[in-house]
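Each chain gets a letter, A, B and so on, in the order its sequence line appears, and its residues count up from 1.
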There are 2 protein chains.
Amino acid sequence: MPDRSDDLFRAMADPTRRRVLDLLAEHGTLTVSELAAHFPDLVASGISKHLMALRAAGLVTATREGRHQRYAIDADTMAEAMAPWVARYEAYWSGALARLRDAATDA
Amino acid sequence: MPDRSDDLFRAMADPTRRRVLDLLAEHGTLTVSELAAHFPDLVASGISKHLMALRAAGLVTATREGRHQRYAIDADTMAEAMAPWVARYEAYWSGALARLRDAATDA
DNA sequence: GCGACGTCTTACCGTACGGTAATGCATTAC
DNA sequence: GTAATGCATTACCGTACGGTAAGACGTCGC
């Protein structure tokens, strides 16, 4: 298996795809039309295309559900692809992450 | 200040720029020619262009040193831009990160 | 001063990407 | 069966991006 970080970072370069991942992380699973409802400026096929890119990168998985297609984050791929990078730069953001947690607990 | 995550992820979409960041993280600071030595397939101005992109994203800082230009990672920007994203998906990669640490200690 | 060096800048080119529109292919409703 | 729905796929277009090449600018050695 080749290094997938290239596909991963390229897939996350687009803000629409990052928002799709955010929506999936928040709702667990979503269909294409449910996702498309959050993007009024985009045509449905555009969302489908982005989902294809995310599938190609291995970041999401799709399961048929009647005539719908239900998408979810592929936790394993996300983890294995991100962990090395996160670990490498941990020293740079660990402080900010701690501050973020403090701010959350203070609120 | 607008959301900088767009510039950040776009800057990291290119594998050359990610490798530049890796080299800076490893060596601390490097000049353009020192960096260019690691990329035999690229012309020097190409490296400079990538560095400009990284500077525009706020990921690196440059300080003059005679006729050289010494680059270093901007830890603050890196941290503040990445921390929210890392925190959001922490559940997905925390397990893999722990396994990565275990593997490192086993070795 | 002058020339060599290091870097930035600009112009240019090919390709890849995001977007829409149109078509095809299942599945559901009637 | 027929029509409508949901999604994938293809073709196409404009733009942005990565790359090189050439020139401009400041700095060092002489």
Side-chain angles (χ1 to χ4, degrees), chain A residues 2-24 27 29-74, chain B residues 2-24 27 29-74:
Chain A
D3 187 14
R4 286 206 150 178
S5 56
D6 275 27
D7 308 87
L8 185 98
F9 280 100
R10 204 154 47 81
M12 291 198 310
D14 185 74
T16 302
R17 286 195 287 267
R18 284 201 308 279
R19 216 178 136 207
V20 165
L21 287 176
D22 289 349
L23 288 169
L24 288 178
H27 293 86
T29 66
L30 287 171
T31 66
V32 177
S33 39
E34 286 170 344
L35 279 168
H38 290 84
F39 299 91
D41 297 350
L42 260 70
V43 174
S45 71
I47 302 289
S48 183
K49 220 172 150 186
H50 281 302
L51 287 169
M52 288 296 104
L54 289 171
R55 271 184 49 180
L59 282 173
V60 300
T61 58
T63 57
R64 285 208 71 89
E65 203 176 74
R67 67 178 134 182
H68 295 272
Q69 194 96 356
R70 190 158 283 275
Y71 281 88
I73 292 184
D74 188 331
Chain B
D3 187 15
R4 285 207 151 178
S5 56
D6 274 27
D7 308 86
L8 184 99
F9 279 101
R10 203 155 46 81
M12 290 197 311
D14 185 74
T16 302
R17 286 196 288 266
R18 284 202 306 279
R19 215 177 136 208
V20 166
L21 287 176
D22 290 349
L23 288 168
L24 287 178
H27 294 85
T29 66
L30 288 171
T31 66
V32 177
S33 39
E34 286 171 344
L35 279 168
H38 290 84
F39 300 90
D41 297 351
L42 260 70
V43 174
S45 72
I47 302 289
S48 183
K49 220 171 151 188
H50 281 302
L51 286 169
M52 287 296 105
L54 289 171
R55 271 183 50 179
L59 283 173
V60 300
T61 58
T63 58
R64 284 209 71 90
E65 203 176 73
R67 67 179 134 182
H68 295 271
Q69 194 97 356
R70 191 157 283 275
Y71 281 89
I73 292 184
D74 187 332

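- Spacing between atom CZ of Phe39(A) and atom P of dG18(C) amounts to 13 Å, rounded to whole angstrom units.
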Could you give the side-chain donor-acceptor pairs of residues 37-57 of chain B under 3.5 Å, partners two or more places apart or in another chain?
from	atom 1	to	atom 2	distance (Å)
His38(B)	ND1	Glu34(B)	O	3.0
His50(B)	ND1	Arg17(B)	NH1	3.2

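- Between Leu24(A) and Tyr71(A) the shortest heavy-atom distance is CD2-O, 3.5 Å.
- Here dG18(D) presents its P atom at 14 Å from CE of Met52(B), a figure rounded to the nearest Å.
- Between Ser48(A) and dA8(D), a side-chain N or O to OP1/OP2 separation shorter than 4.0 Å is present.
- With dC8(C), dT20(C), dG19(D) as the candidates, the nucleotide lying closest to the side chain of Val43(A) is dT20(C).
- If you measure from atom CZ of Arg55(A) to atom P of dC7(D), you get 13 Å, rounded to the nearest angstrom.
- Note on His50(A): every side-chain N or O is 4.0 Å or more away from OP1 and OP2 of dC17(C).
- Residue pairs meeting the side chain to side chain donor-acceptor pair (under 3.5 Å) criterion with at least one partner in residues 59-70 of chain B, sequence neighbours excluded, are Thr29(B)-Arg70(B), Arg64(B)-Gln69(B), Glu65(B)-Arg70(B).
- Between the P atom of dC8(C) and the CG atom of Leu54(B) lies a distance of 12 Å, rounded to the nearest Å.
- Position along DNA chain C of the nearest nucleotide to Ala53(A) versus Leu51(B) favours Leu51(B) as the more 5'-ward residue.
- Distance, Asp14(B) CG to dA16(C) P: 14 Å, rounded to whole Å.
- No side-chain heavy atom of Leu21(B) sits under 4.5 Å from any side-chain heavy atom of Arg18(B).
- We find that CD1 of Ile47(B) is positioned 12 Å from P of dG18(D), with the value rounded to whole Å.
- Between dG6(C) and Tyr71(B), no contact under 4.0 Å exists linking OP1 or OP2 to a side-chain N or O.
- Summarising the geometry, the separation between CD on Gln69(A) and P on dT28(C) is reported as 12 Å, rounded to the nearest angstrom.
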Protein-to-nucleotide contact annotation, 5' to 3' order, nucleotides 22-30 of chain D [B base; S sugar-phosphate only; - none; under 4.0 Å, heavy atom]: B----BS--

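- Atoms CG (Asp6(A)) and P (dA16(C)) sit 14 Å apart, rounded to a whole Å.
- Phosphate proximity of dT7(C) to Ser33(B): present, with a side-chain N or O under 4.0 Å from OP1 or OP2.
- Within the nucleic acid shown, Arg10(B) comes within 4.0 Å of sugar-phosphate atoms alone, with no base atom in reach, counting heavy atoms only.
- Checking dG19(D), dT7(C), dG6(D) against every side-chain atom of His68(A), the shortest atom distance belongs to dG6(D).
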So which protein N/O to nucleotides 11-15 of chain C N/O distances come out below 3.5 Å?
none

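- Counting any heavy atom pair closer than 4.0 Å across all strands shown, Leu42(A) reaches sugar-phosphate atoms only and no base atom.
- Residue contacts for Arg17(B): at a heavy-atom cut-off of 4.0 Å it reaches the sugar-phosphate backbone alone, with no base atom in range.
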